[in-house]
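For reference, the structure discussed in these notes is given below.
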Amino acid sequence: MNKDSQMRAAINQKLIEMGERERLKELLRTKLVECGWKDQMKAHCKDVIREKGLEHVTVEDLVTEVTPKGRALVPDSVKKELLQRIRAFLAQHATL
Amino acid sequence: MKMENMLFSGPDPTKLEGLVHDIYSELVDDACLGLCFEVHRAVKQGYFFLDETDQESMKEFEIVDQPGVDIFGQVYNQWKNKECECPNCKRLIAASRFAPHLEKCLGMGRNSSRIANRRLATNNNVSKSESDQEDNDDLNDNDWSYGAEKKAKKRKSDKNQNSPRRSKSLKHKNGELGSNITSEPYKFSSQYNYNPGVNYETLGPDEVRSLLTTQCGVISEHTKKMCTRSQRCPQHTDEQRRAVRVFLLGPSAPPFPDAGATTVENDSFDIPDTQTLMHRLQWEDSPDISPADSASSKASTNHSDSRKPKKKKPTSGLSSGGVGSLTGGSSSSSSSSSQINVSLANKKKRPKLSAPLIPTIYNELN
């Protein structure tokens, strides 16, 4: 268990060090904007905000309300591409 | 190093796959969190709902997509009837003519000052002399400075202001006025100088009278219009002028100002005079000619003349010639007759132009 978390931290560090994490984030963002995910999410945010009232909205509320839907709404193609990129990265650095 | 060892040591690919999915979900959560921050900030700054409007206004300003209609649902051919109010003179100008009007009204452009001056002159109705007007013109031209460069040009052109080109342009201006006037024949009084002709049928008696006191007025045979030159115009004879006055003003007409010796000569050209001439020739052939007879003949000529009301001095050149021959005695009747013949020939030549007019005038008078 300890070993597993160790490995996880090591991989994350590697991702950040290499800048791959930033690249992946940017890729995901553009893909999500392209496929309309962002507009859908914004519409959902509006509903949430109307429900709560404009003055009483907090970031925590938004995150808890929005994140599950956000995860679900990511298109399969985007998800597949991203997973592929991560796998390739891991394989590349595992073989080194 | 360490990681590689671990990865290699970690034999099960399911663990690796779980790791990949974890990384992925982390990324997605990051994206969601970023979006949440963005939205929250927008809400708190108050610009989140800016792109939304209420349903009523959405309906009201819905974009119309129909043929023949613009996006506001208006027929777009109506621009033709649009009129704009000139900010300078407050008149309504058709939109298509607005730009040219503004150019003239505001005093931009090449001819504007001239036009403005003309308008001022007509408005004030001041009979300025041409030189006065010209001075004003120059003044305005200099006042208006389009730029330093243009001003320099103006200076240059100012030097040429006394050149004939300038006076020519002024004349042209007057010519324009005259042609404008012909379209409205009732306003002929001031610009008769360049007026090609006035239709006398459209004028009232007073206008005719005033016109005839100032200008030639002879009616052209071709255009049926009156000559508008001065009374001394070289194109028409005094005889013609007088005949026209008789024709238009009737017997009570004031005498033609030039009625003098020349007109008296012209009087003799008409049928009764030639008849008396024939009588005279016969009398002179006969030896027993008496002063009484000549007086009677004179009276007859006077009588015939009196029917023409304009003549103040009905003593015709013919009758005086007759008297002259009488006073000279019967020295040479042939010479006097030849003299008369010569004078007759002269007279026949001179009033040629008015010849077809005069009989009609007399018919009317009788």
Side-chain angles (χ1 to χ4, degrees), chain A residues 3-4 6-15 20-21 24-25 27-29 31-33 37-38 41-42 44-46 48-50 52 54-55 57-74 78-80 82-91 93-96, chain B residues 1-66 70-73:
Chain A
K3 201 181 168 188
D4 196 28
Q6 260 189 353
M7 191 180 75
R8 219 171 257 268
I11 289 173
N12 271 330
Q13 177 137 7
K14 194 74 181 172
L15 275 171
E20 183 67 12
R21 194 182 152 87
L24 287 172
K25 249 171 98 173
L27 178 76
L28 179 67
R29 196 176 293 148
K31 289 280 172 194
L32 288 179
V33 170
W37 175 87
K38 199 173 177 183
M41 292 302 290
K42 266 193 173 176
H44 183 64
C45 284
K46 268 176 199 171
V48 172
I49 291 162
R50 280 209 192 91
K52 301 249 174 197
L54 201 66
E55 302 301 319
V57 178
T58 61
V59 184
E60 287 79 23
D61 290 340
L62 275 177
V63 173
T64 50
E65 292 275 345
V66 159
T67 308
K69 194 157 190 188
R71 280 192 196 127
L73 278 174
V74 176
V78 177
K79 185 177 179 179
K80 260 183 201 164
L82 217 68
L83 288 175
Q84 196 60 42
R85 285 282 296 259
I86 297 164
R87 252 182 234 128
F89 176 82
L90 287 185
H93 291 276
T95 50
L96 277 174
Chain B
M1 311 175 294
K2 207 177 176 185
M3 185 181 79
E4 282 136 34
N5 292 339
M6 280 191 285
L7 279 176
F8 278 120
S9 63
D12 44 5
T14 54
K15 233 180 194 175
L16 200 69
E17 194 61 25
L19 200 65
V20 167
H21 273 274
D22 280 353
I23 293 169
Y24 161 75
S25 55
E26 250 180 64
L27 286 170
V28 171
D29 284 359
D30 261 13
C32 280
L33 190 65
L35 185 86
C36 287
F37 282 145
E38 200 178 300
V39 169
H40 184 257
R41 180 178 160 76
V43 169
K44 293 302 171 190
Q45 299 274 35
Y47 60 83
F48 188 63
F49 289 105
L50 276 188
D51 57 336
E52 281 210 346
T53 47
D54 52 326
Q55 294 301 310
E56 293 161 28
S57 54
M58 282 293 276
K59 251 177 213 169
E60 193 181 340
F61 298 110
E62 204 176 9
I63 290 177
V64 179
D65 187 14
Q66 287 167 0
D70 65 8
I71 60 162
F72 305 111

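Order of the sequence lines fixes the chain letters, A, B, ..., with proteins taken first and strands second; residue numbering starts at 1 for each chain. As the structure is a prediction and not an experimental result, all values here were calculated from the model.
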- Note on the structure: The interface call for B:L35 against chain A, heavy-atom contacts under 4.5 Å, is side chain
- Task: For the pair A:V48 and B:V39, evaluate side chain to side chain contact (heavy atoms under 4.5 Å, CB included) and give the outcome as yes or no after the intermediate values.
- Result: CA-CA 11 Å; A:V48 172; B:V39 169; over 6 Å; no
- Note on the structure: Of all heavy-atom pairs linking A:V59 and B:H40, the shortest is CG2-ND1, 3.3 Å
- Item | Closest non-hydrogen atom pair, B:F48 against A:C45 | CZ-CB, 4.4 Å
- Query: Do other residues, nucleotides or ligands put more than 12 heavy atoms under 6.0 Å from A:E55 CD?
  - Reply: no
- Give, for atom CG of A:L82 and atom CD1 of B:I23, the distance between the pair rounded to the nearest 0.5 Å. 10.0 Å
- Can you tell which part of A:D61 gets under 4.5 Å to a heavy atom of chain B, answering side chain, backbone, both or neither? neither
- Item | Test item: B:D30 and A:R21 side chains (from C-beta on) under 4.5 Å apart, heavy atoms | yes
- Point-to-point distance, once rounded to the nearest 0.5 Å, from NE2 of B:H21 to NZ of A:K79: 6.0 Å
- Query: Non-hydrogen atoms of chain B under 4.5 Å away: do they reach the side chain of A:R71, the backbone, both or neither?
  - Reply: both
- Atom pair CZ/CG of A:R29 and B:L27 - distance to nearest 0.5 Å: 10.5 Å
- Is any side-chain heavy atom of A:L62 less than 4.5 Å from a side-chain heavy atom of B:V43? no
- At a heavy-atom separation under 4.5 Å, does A:K69 approach chain B through its side chain, its backbone, both, or neither? neither
- Contact part of A:E65 toward chain B, heavy-atom cut-off under 4.5 Å: side chain, backbone, both or neither? neither
- Which atom names give the shortest non-hydrogen contact between B:C32 and A:G70, and what distance separates them? SG-CA, 3.8 Å
- Task: Output yes when a side-chain donor or acceptor of A:K25 lies under 3.5 Å from a complementary backbone atom of B:V28, and no otherwise.
- Result: no
- Region of A:L32 that comes under 4.5 Å of a non-hydrogen atom in chain B: side chain
- Looking at A:L15, A:L24, A:V66, A:I49, which has the largest count of heavy-atom pairs under 4.5 Å with chain B? A:I49
- Task: Go through the atoms of A:V74 and report whether side chain, backbone, both or neither lie under 4.5 Å from a heavy atom of chain B.
- Result: side chain
- Message: So A:M41 and B:E38, do their side chains get closer than 4.5 Å, heavy atoms only?
- Response: no
- Query: Do you know which of A:T67, A:L83, A:V63, A:L28 has the most heavy-atom pairs with chain B at a distance under 4.5 angstrom?
  - Reply: A:L83
